[in-house]
Amino acid sequence: MTNVLVIGSTGQIGSELTMKLRREIPGSTVVAGYIPGAEPKGELLESGPAEIADVRDAKALADIVSKYKIDTIYNLAALLSAVAERKPLLAWDIQMNGLLNILEVAREKGVAVFTPSSIGSFGPETPHQGTPQDTIQRPRSMYGVTKVATELLSDYYFHKYGVDTRSVRFPGLISYTTLPGGGTTDYAVEVYYSAVKGEEFVCPIAPGTFMDMMYMPDALKAAVDLMQADPSRLKHRNSFNIASMSFEPEQLFAKIREYVPGLRVRYEVDPVRQAIATSWPDSMDDSCAREEWGWKPSYTLDQMTQDMLLHLREKLL
Ligand code: SER
């Protein structure tokens with residue numbers, strides 16, 4: 001992994017992953033791919049090259065891969081679960097036609113590809129506690145349908161053409177740099193903003209709804225470590241369960257109140273997000289990732305909460 005294209009570099013994951021790769025991979029060129037309207041700014045723009053990289057434009061992707069001799073693509077373009085329910089055709093276009101364009105370029109030019117999957121790739125019939133690596137998926141959201149198809153298509157390109165595709169199933173990701181855009185797990189990010197601003201938080205997810213969550217530094221570590229893992233150890237590829245913490249809204253709010261006792265919360269449950277959340281695992285079993293490439297998260301809910309509050313106070317106050 002030397003010359004890397006991050007597609008979706010201004011999104012929640014991409015904005016941090018691009019900077020981490022630029023900092024940590026010596027001699028690398030990390031191209032920040034973006035779409036018009038979501039241009040990179042500040043440090044992201046100034047610290048390396050940036051190119052328009054719309055996954056639906058196969059020629060543009062091929063040109064960037066040739067120009068920078070790209071050997072690895074992080075494909076982070078996606079509509080998250082709640083938005084994808086409102087715009088299912090656009091979600092399919094970006095997540096599936098876009099992926100096909102990337103995999104074709106990768107096949108022709110020998111590029112490795114990371115495309116995240118998600119807890120959203122599971123569905124109501126999936127065992128919800130200790131969700132195994134290999135189990136029933138059958139999601140009912142468009143986001144989930146595209147994520148299962150992403151896993152299958154990525155494995156297809158690996159088995160048929162030898163394209164080095166690898167992936168993790170991300171839990172809900174919590175971070176302070178860039179907000180997520182329209183996911184079911186977003187509440188667990190937004191409540192920290194409300195806590196720091198002293199505003200009442202309106203929670204769209206019902207109490208008692210458990211979902212896997214993860215702090216962004218652990219998610220970034222997973223994305224980098226998996227792409228650097230010894231391929232001979234990988235029995236799975238698309239996609240690995242990774243887990244770090246699981247909680248329901250009341251547990252999260254209780255933890256935040258240890259540091260911000262005045263946090264005020266009101267529930268206004270969104271039926272679309274709630275149906276999605278209920279269908280997702282409560283907690284995944286990530287033993288395959290631990291065995292095959294040494295996955296191990298660092299942050300607990302308490303450590304994450306302290307770090308989130310510290311950085312959001314710096315950012316917002
Ligand atoms: N965080 C995502 C969502 O809620 C799940 O991968 O859509």
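Because the structure is predicted, anything quoted here is derived from the model rather than measured. Counting starts at 1 for both ligands and their atoms, following the listed order. The first residue of the sequence shown is numbered 1, and numbering continues consecutively from there.
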Heavy-atom contacts under 4.0 Å between W280 and ligand 1: side chain, backbone, both, or neither? side chain
Residue S81 vicinity, atoms of ligand 1 by number, heavy atom under 4.0 Å: 3 (C), 4 (O), 7 (O)
Note: ligand 1 atoms sitting under 4.0 Å from heavy atoms of T184 are 3 (C), 4 (O), 7 (O)
Please confirm whether W293 and F240 have ring centers closer than 6.0 angstrom. yes
Would a distance-only check, ignoring hydrogens and angles, find a side-chain to backbone donor-acceptor pair under 3.5 Å from E248 to G208? yes
Is there a donor-acceptor pair under 3.5 Å between the side chain of S279 and the backbone N or O of I276? yes
May I have the list of side-chain donor-acceptor pairs in residues 26-45 shorter than 3.5 Å, sequence neighbours left out?
unit_1: S28; atom_1: OG; unit_2: I25; atom_2: O; d: 2.7
unit_1: E39; atom_1: OE1; unit_2: G37; atom_2: N; d: 3.3
unit_1: E39; atom_1: OE2; unit_2: G37; atom_2: N; d: 3.1

Against heavy atoms of S118, which atoms of ligand 1 measure under 4.0 Å? 5 (C), 6 (O)
If you measure from the Lys or Arg side-chain nitrogens to the Asp or Glu carboxylate oxygens, is any gap between R237 and D164 under 4.0 Å? yes
From the candidates I276, V189, T185, L79, the one that places a heavy atom nearest atom 2 (C) of ligand 1: T185
Indicate yes or no: does an N/O atom of D186 lie under 3.5 Å from an N/O atom of ligand 1? no
